Amino acid sequence: MSRARAQALAPIPMPTPRLRFAPSPTGYLHVGGARTALFNWLYARRMGGVFVLRIEDTDVERSSADMVTGILDGMRWIGLDWDEGPEVGGDYGPYFQSQRLARYRELGEQLVRDGHAYYCYCGGDKGGSSQEGSGSAGGAQSTSYGETEPPAADDAAWDEGDTPRGESWTYDRRCSRLTPEEVAAREAAKMPRAIRFRVPTGETTFHDLVHGDITFDNAHIEDFVALRSDGHPTYHLSVVADDIDMAITHVVRGDDHISNTPKQVLLYRAFGKPLPAFAHVPLILGPDKRRLSKRHGATSVTEYSRQGYLPEAMMNFLALLGWSPGNDQELFSRDELVAAFSLEGISSSDAVFNPEKLEWFSAQHIARMPAAELVRRIEPRLREAGLWPVKWSPGSSFDSHVDASLAQDRLDPGAWLARLIELLRPRAKRLTDFVEKGRPFLVDEVEYDADAVKKHLSSPEALAHLAAVRDTCAASEAFTAAALEPAIRALADARGVKAGVLIHPTRVAVVGRAESPGIFEVLELLGRERALDRMTRALQAVRPQG
RNA sequence: GUCCCCAUCGUCCAGGGGUUAGGACGCGGCCCUUUCAAGGCCGAGACCCGGGUUCGAAUCCCGGUGGGGACGCCA
């Protein structure tokens with residue numbers, strides 16, 4: 001606190017915050033990565049800093065250009081833009097690690113020269129690891145069922161050997177002890193060599209903005225490979241090299257990187273560079289509390305886009321998954337999030353992804369979206385479903401399949417569509433709902449739901465009511481909700497029934513379903529011709545059975 | 001197994017030495033109502049356990065338990 005005061009008195013020039021999101025293009029953008037990107041972006045925007053997008057494609061085998069495109073699209077969909085990176089460039093490029101390989105090699109050699117690393121000729125396998133435990137045959141870790149579980153009671157003997165049970169298999173550093181002659185011999189033999197970092201003894205501590213100080217005993221840190229024998233860097237080297245070269249000030253990433261951080265801290269020190277600020281954000285879990293993955297269903301943001309969730313909702317939802325403004329506000333626009341965001345608000349415990357709440361956010365953002373914008377978002381979906389009712393654009397004429405009587409009523413297609421959307425809006429959770437619930441208004445032939453017909457349109461009484469309603473509607477001078485409602489209510493009185501008794505069959509007749517927006521608005525929107533026609537046809541279709 | 005992180009309603013969060021422990025999603029009920037929603041109101045629902053510090057602990061400390069993550073020439 002006193003430091004903050006001192007700053008207020010005599011501002012220390014703070015470098016512009018530079019944050020980055022550094023996805024590996026080995027898969028689509030999933031919600032966990034999206035949230036990490038979001039937190040970085042929010043903080044950069046909040047602080048007036050720079051948001052860098054860097055593609056970590058050093059794993060040539062698993063990376064692909066398609067995935068890069070997918071990730072970029074996913075970020076754009078959520079509403080994240082980047083100041084430096086693919087497609088926009090920047091002063092610290094290139095932003096693909098595959099284009100920075102020379103730099104990593106240079107840095108790798110520098111580590112060796114400075115004594116922080118050494119050449120390792122052990123090859124791709126783990127040769128030189130600790131001996132296998134006496135009981136473990138095979139050594140295939142992934143099928144560890146029986147042999148990794150020692151006998152419970154008489155396990156004292158397991159602890160006696162010089163390879164204590166449970167010791168992690170760390171590289172035994174054999175190549176670090178090679179004499180210059182031995183190294184020369186191997187070089188002469190052109191043996192492939194990797195560069196391994198020489199982890200010093202002692203402890204490594206770093207400060208984490210969400211977890212506080214975290215300390216690791218270096219004894220638990222392996223002499224990790226920094227540069228592979230094929231000349232490609234490992235993640236640790238490339239990340240540190242780039243974060244240094246790109247002047248990254250804040251590293252905000254998933255909790256799963258905490259155990260990588262001490263290795264990277266060691267690299268920063270070996271390079272003689274100051275550490276960035278670290279903030280490790282909690283992970284997003286599935287309902288089973290395990291790390292979110294494909295088997296939990298949709299995890300790619302593209303999939304949520306396809307399912308019609310609003311990107312505003314996704315951003316809002318993701319922001320609140322592991323972060324809080326400190327009060328009870330939940331609904332945020334993008335600008336409000338930027339204004340409210342702080343690293344202090346990030347929580348330290350993992351969060352379970354709750355699709356139902358995401359859907360609620362989506363409904364809330366739909367409810368708040370300006371009408372014109374909503375139409376713009378819905379249009380491509382209606383077109384795709386063959387339901388777009390306007391020939392060219394809002395303001396021109398209706399497509400042929402929409403009732404000519406609408407044109408007679410001198411309704412502008414854009415206005416008509418806007419009214420339809422407003423009727424649907426409070427019932428919509430996703431953009432797909434507008435297609436689904438709007439369909440009866442946009443087709444020539446309604447599909448009749450069998451259950452609805454059975455329930456509301458099968459009895460002789462219901463059909464008689466429907467016929468009466470049709471006649472009343474036909475007689476109504478104006479085909480508007482305001483005119484139809486009193487007329488139909490009066491009809492109900494005259495027939496000695498509640499209005500609902502008339503309305504149910506009418507609804508099923510005109511939209512084919514038991515649910516719809518208010519029936520009077522529905523009738524008005526449908527227009528006289530289509531509404532009467534549907535009632536008539538319903539009567540004809542059902543009568544023979546009644 | 002080893003190391004690291006974490007622990008408030010089912011879920012997401014707020015709070016935090018003395019509170020009727022707050023909000024949201026979901027759930028139940030009521031209101032509104034022509035249906036379905038939306039909206040409004042009400043309700044059920046939580047501080048992991050054990051020690052310690054303290055007049056007082058959900059809150060601070062320690063231990064346990066539980067959960068998660070990491071232990072690659074993947075990122």
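Lettering of chains follows the sequences in order, A, B, ..., and the numbering in each one begins at 1. All of these numbers come straight from a predicted model, not from anything done at the bench.
Using the six-membered ring where Trp is involved, A:Phe361 and A:His365 have ring planes that are tilted, between 30° and 60° apart.
Comparing B:A70, B:C3, B:G68 by their nearest atom to the side chain of A:Ser259 picks out B:A70. Set against B:G23, B:G69, B:C3, the side chain of A:Glu330 has B:G23 as its closest nucleotide. Distance from the side chain of A:His211 is smallest for B:C6 among the nucleotides B:A24, B:C6, B:U35. The side chain of A:Arg228 sits closest to B:C73 out of B:C73, B:A7, B:A24. Nearest nucleotide to the side chain of A:Trp360, out of B:G26, B:A14, B:U35: B:G26. Between B:C6, B:A75, B:G68, one nucleotide has an atom nearer to the side chain of A:Arg290 than all others, and that is B:G68. Among the nucleotides B:C6, B:A75, B:U34, the one closest to the side chain of A:Ser349 is B:C6. With B:A14, B:C73, B:C6 as the choices, the nucleotide that has an atom nearest any side-chain atom of A:Arg196 turns out to be B:C73. Listed nucleotides B:A70, B:A75, B:C13 differ in distance to A:Arg291; the shortest reach to its side chain belongs to B:A70. The A:Leu285 side chain lies nearest to B:G68 when the options are B:G68, B:C5, B:U35.
Look at A:Thr58 and you'll find a side-chain N or O under 4.0 angstrom from OP1 or OP2 of B:A75. Phosphate contact (OP1/OP2 of B:G69, side-chain N/O of A:His257, threshold under 4.0 Å): absent. Contact annotation: A:Lys289 does not reach the phosphate of B:C6 (side-chain N/O to OP1 or OP2, under 4.0 Å). For the pair A:Arg425 and B:A38, the criterion of a side-chain N or O lying under 4.0 Å from OP1 or OP2 is not met. Regarding contacts with the backbone of B:G39, a side-chain N or O of A:Gln364 is found under 4.0 angstrom from either OP1 or OP2. For B:A75, neither phosphate oxygen OP1 nor OP2 lies less than 4.0 angstrom from any side-chain nitrogen or oxygen of A:Thr234. In this model, the phosphate group of B:U34 is approached by a side-chain N or O of A:Arg489 to a distance below 4.0 Å at OP1 or OP2. In this model, the phosphate group of B:A75 is not approached by any side-chain N or O of A:Arg253 to a distance below 4.0 Å at OP1 or OP2.
Taking atom P in both B:G69 and B:C30, the straight-line distance is 43 Å, to the nearest Å. Here the separation of B:A7 from B:G50, taken at their C1' atoms, is 15 Å to the nearest Å. Of the P atoms belonging to B:A14 and B:C9, the separation is 13 Å, rounded to the nearest Å. Comparing the P positions of B:G66 and B:C25 gives an interatomic distance of 35 Å, to the nearest angstrom. Rounded to a whole angstrom, the distance from the P atom of B:U65 to that of B:A24 is 38 Å. Rounded to the nearest Å, the gap between the P atom of B:A21 and that of B:A57 is 16 Å. Nucleotides B:A58 and B:U8 are separated by 8 Å at their C1' atoms, to the nearest Å. Comparing the P positions of B:C71 and B:G52 gives a spacing of 41 Å, expressed to the nearest Å.
Atom P of nucleotide B:C73 and atom CG of A:Leu227 are separated by 13 Å, given to the nearest angstrom. For A:Asp242 and B:A75, the CG to P distance is 12 Å, given to the nearest whole Å. A:Phe520 has its CZ atom 11 Å from the P atom of B:U35, to the nearest Å. Between A:Asp350 atom CG and B:G69 atom C1' the separation is 8 Å, expressed in whole Å. As rounded to whole Å, 11 Å separates atom C1' of B:C5 from atom CG of A:Asp256. Rounded to a whole Å, the CG atom of A:Asp288 is 8 Å from the P atom of B:G68. The nearest whole Å value for the distance from the CZ atom in A:Phe197 to the P atom in B:G72 is 17 Å. Taking atom CG of residue A:Asp328 and atom P of nucleotide B:C25, one finds them 12 Å apart after rounding to whole Å.
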*Which is it for A:Asp288 and A:Arg295 under the side chain to side chain contact (heavy atoms under 4.5 Å, CB included) test, yes or no, and what are the steps along the way?*
CA-CA 11 Å; A:Asp288 59 355; A:Arg295 65 199 166 71; 3.3 Å; yes
*What do the steps show when you test A:Phe441 against A:Phe434 for ring-ring contact (aromatic ring centres under 6.0 Å, His included), and what is the final call?*
CA-CA 11 Å; A:Phe441 300 88; A:Phe434 289 96; over 10 Å; no
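A:Leu283 comes within 4.0 angstrom of the backbone, heavy atoms only, and of no base. Within 4.0 Å (heavy atoms only), A:Lys498 reaches no atom of the nucleic acid at all. Backbone-only contact: A:Gly322 has heavy atoms under 4.0 Å from sugar-phosphate atoms and none from a base. As judged by a 4.0 angstrom heavy-atom cut-off over every strand, A:Ile519 is placed among the base-contacting residues. Across all strands, A:Pro505 comes closer than 4.0 Å to no nucleic acid atom at all (heavy-atom distances). Within 4.0 Å of A:Ser348, counting heavy atoms only, lie sugar-phosphate atoms of the nucleic acid but no base atom. Nucleic acid contact class of A:Thr506 (heavy atoms, under 4.0 Å, all strands): none. When heavy atoms are screened at a 4.0 angstrom cut-off, A:Ala194 is found touching base atoms of the nucleic acid. Using a 4.0 Å heavy-atom criterion, one finds that A:Pro517 contacts the bases of the nucleic acid, with or without backbone contacts as well. Looking at heavy-atom distances under 4.0 Å, A:Asn260 makes contact with a base.
With hydrogens and angles ignored, a donor-acceptor pair closer than 3.5 Å exists between the side chain of A:Ser229 and the base of B:C73. Applying the 3.5 Å distance criterion, the base of B:A24 shares a donor-acceptor pair with the side chain of A:Lys357.
A donor-acceptor pair is defined here as one N or O able to donate and one able to accept, closer than 3.5 Å; such a pair exists between the side chain of A:Arg105 and the backbone of A:Gly231. With hydrogens and angles ignored, the 3.5 Å screen pairs a side-chain donor or acceptor of A:Asp57 with a backbone N or O of A:Ser98.
Pairing of B:A7, defined by two Watson-Crick or G-U wobble distances under 3.5 Å, is identified with B:U65. For B:A38, there is no paired base (Watson-Crick or G-U wobble, both distances below 3.5 Å).
Each of A:Arg35 and A:Pro426 was matched to the nucleotide of RNA chain B holding its nearest heavy atom; the match closer to the 5' end belongs to A:Arg35. Where A:Lys437 and A:Asp59 each meet RNA chain B at their nearest nucleotide, the meeting point lying more 5' is that of A:Lys437.
Cation-pi check for A:Arg196 over A:Tyr171 is met; the charged atom lies under 6.0 angstrom from the ring centroid and within 45 degrees of its normal.
The shortest distance between side-chain heavy atoms of A:Gln97 and A:Tyr235 does not fall below 4.5 Å.
The distance between the ring centers of A:Phe224 and A:His236 falls below 6.0 angstrom. The distance between the ring centers of A:Phe341 and A:Phe39 falls below 6.0 angstrom.
Here SG of A:Cys120 is found 9.0 Å from CZ of A:Arg174. Values are rounded to the nearest 0.5 Å.
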